[in-house]
Amino acid sequence: QSVLFRSRGARRKIQGEAFIDDWAGYPPRRTSWLWSAGLGSDVMGRRLAWNLVSGINDGDQDSERTVWIDGLPGEVGPAEFASNLSGVQFSDGSELRFAREAVRRREDNLALIRSSYEQPFGVFSGRLPGGIELREGYGVMERHDVVW
């Protein structure tokens with residue numbers, strides 16, 4: 001199955017992988033996280049996917065931070081997100097840069113439940129942990145501060 005994706009005026013066909021954000025956790029009443037998920041390829045032509053998070057499910061080990069290379073998963077170390085969601089840095093010096101092209105944003109204040117949500121979609125460049133250089137990357141960044 002394939003999906004047509006528009007980026008910077010170009011049309012690209014993406015085939016084979018997708019992310020489904022499905023979690024059945026019980027976070028604290030006040031929770032904040034930063035998240036990134038993306039798909040692409042590296043300069044060696046390998047298929048890449050990543051799921052990076054800070055603030056939830058992000059222990060030093062057994063986190064949900066994962067990079068897939070040709071479908072094989074590997075956990076990566078802690079990720080530091082730029083405050084403006086323009087990128088992610090890693091302890092080995094690798095860095096993903098992010099150029100937003102569209103954004104979903106929502107603010108809710110329902111007395112007992114409050115949420116501030118921002119999720120830009122766009123294009124990634126740079127390197128994943130381990131020096132994996134992106135040839136192309138597309139995906140999402142997210143900031144969510146919530147009281148539920």
Side-chain angles (χ1 to χ4, degrees), residues 3-12 14 16-23 25-109 113-148:
V3 174
L4 189 60
F5 178 78
R6 289 182 184 263
S7 173
R8 298 183 184 186
R11 292 169 54 140
R12 301 182 197 278
I14 299 175
E17 289 86 19
F19 275 95
I20 298 173
D21 186 14
D22 185 20
W23 182 55
Y26 297 94
R29 176 157 162 63
R30 292 180 185 265
T31 305
S32 295
W33 67 79
L34 299 164
W35 174 64
S36 175
L39 300 167
S41 62
D42 70 3
V43 295
M44 296 172 26
R46 300 178 296 182
R47 293 176 301 123
L48 299 177
W50 63 88
N51 182 69
L52 307 169
V53 67
S54 178
I56 196 167
N57 302 326
D58 67 345
D60 289 340
Q61 295 179 341
D62 300 322
S63 75
E64 70 176 58
R65 290 182 313 271
T66 304
V67 171
W68 290 263
I69 301 173
D70 282 337
L72 299 174
E75 184 177 13
V76 298
E80 185 177 326
F81 287 71
S83 61
N84 63 358
L85 299 180
S86 64
V88 184
Q89 291 188 335
F90 306 94
S91 61
D92 71 353
S94 298
E95 179 181 9
L96 281 181
R97 293 176 301 281
F98 179 71
R100 65 177 62 204
E101 295 192 357
V103 64
R104 292 175 49 192
R105 197 176 274 126
R106 184 168 176 146
E107 301 285 331
D108 291 301
N109 186 348
I113 298 171
R114 293 180 303 282
S115 174
S116 177
Y117 178 79
E118 177 183 13
Q119 188 183 63
F121 298 82
V123 178
F124 287 89
S125 60
R127 296 177 188 269
L128 287 163
I132 301 165
E133 187 176 349
L134 266 64
R135 178 175 63 195
E136 62 181 352
Y138 308 94
V140 63
M141 298 283 273
E142 180 179 276
R143 174 192 340 273
H144 197 174
D145 299 306
V146 64
V147 176
W148 30 35

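The figures here come from the full heavy-atom set of this structure, side chains too, leaving out hydrogens, waters and symmetry mates. Residue indices begin at 1 and follow the sequence shown.
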Could you list the donor-acceptor pairs under 3.5 angstrom formed between side-chain atoms of residues 83-91 and any protein atom two or more places apart in sequence or on another chain?
| unit_1 | atom_1 | unit_2 | atom_2 | d |
| --- | --- | --- | --- | --- |
| N84 | OD1 | S86 | N | 3.1 |
| N84 | OD1 | S86 | OG | 2.7 |

(request) Name all pairs fulfilling the ring pair (Phe, Tyr, Trp, His ring centres under 6.0 Å) condition that reach into residues 39-71, sequence neighbours left out, sorted by first residue then second. (result) W50-F124

To the closest 0.5 Å, what do you measure between [atom1] ([X]) and [atom2] ([Y])?
{"X": "W33", "Y": "N57", "atom1": "CH2", "atom2": "CG", "value": "9.5 Å"}
{"X": "L72", "Y": "T66", "atom1": "CG", "atom2": "OG1", "value": "12.5 Å"}
{"X": "D70", "Y": "S41", "atom1": "CG", "atom2": "OG", "value": "10.0 Å"}

(message) Once side chain to side chain donor-acceptor pair (under 3.5 Å) is applied, do any residues pair with S115, and if so which ones, sequence neighbours excluded?
(response) H144

(message) According to side chain to side chain donor-acceptor pair (under 3.5 Å), who are the partners of Q61, at least two apart in sequence or on a separate chain?
(response) none

Work out which heavy atom in [X] is nearest to a heavy atom in [Y]; give both atom names and the distance.
{"X": "V43", "Y": "L134", "value": "CG1-O, 4.0 Å"}
{"X": "I69", "Y": "L48", "value": "CG1-CD2, 3.9 Å"}
{"X": "S94", "Y": "G130", "value": "OG-N, 3.9 Å"}

Just grab all the salt bridge (charged side-chain N to carboxylate O under 4.0 Å, His left out) pairs involving [range], residues at least two apart or on different chains.
{"range": "residues 122-141", "result": "R127-E133"}
{"range": "residues 138-148", "result": "E118-R143"}
{"range": "residues 28-45", "result": "D42-R46"}

(request) Answer yes or no: is there a side-chain heavy-atom contact under 4.5 Å between W35 and V140? (result) yes

(message) What I'd like to find out is whether the side chain of F98 reaches to under 4.5 Å of the side chain of S36, using heavy atoms alone.
(response) no

(request) Sequence neighbours left out, what passes salt bridge (charged side-chain N to carboxylate O under 4.0 Å, His left out) with D108? Give chain and number order. (result) R106

(message) Test of understanding: with side-chain contact (heavy atoms from CB on, under 4.5 Å), list the residues that count as partners of P27, not counting sequence neighbours.
(response) W23, T31, I56, W148

(message) Applying side-chain contact (heavy atoms from CB on, under 4.5 Å), can you list everything that pairs with E75, at least two apart in sequence or on another chain?
(response) S63, R65

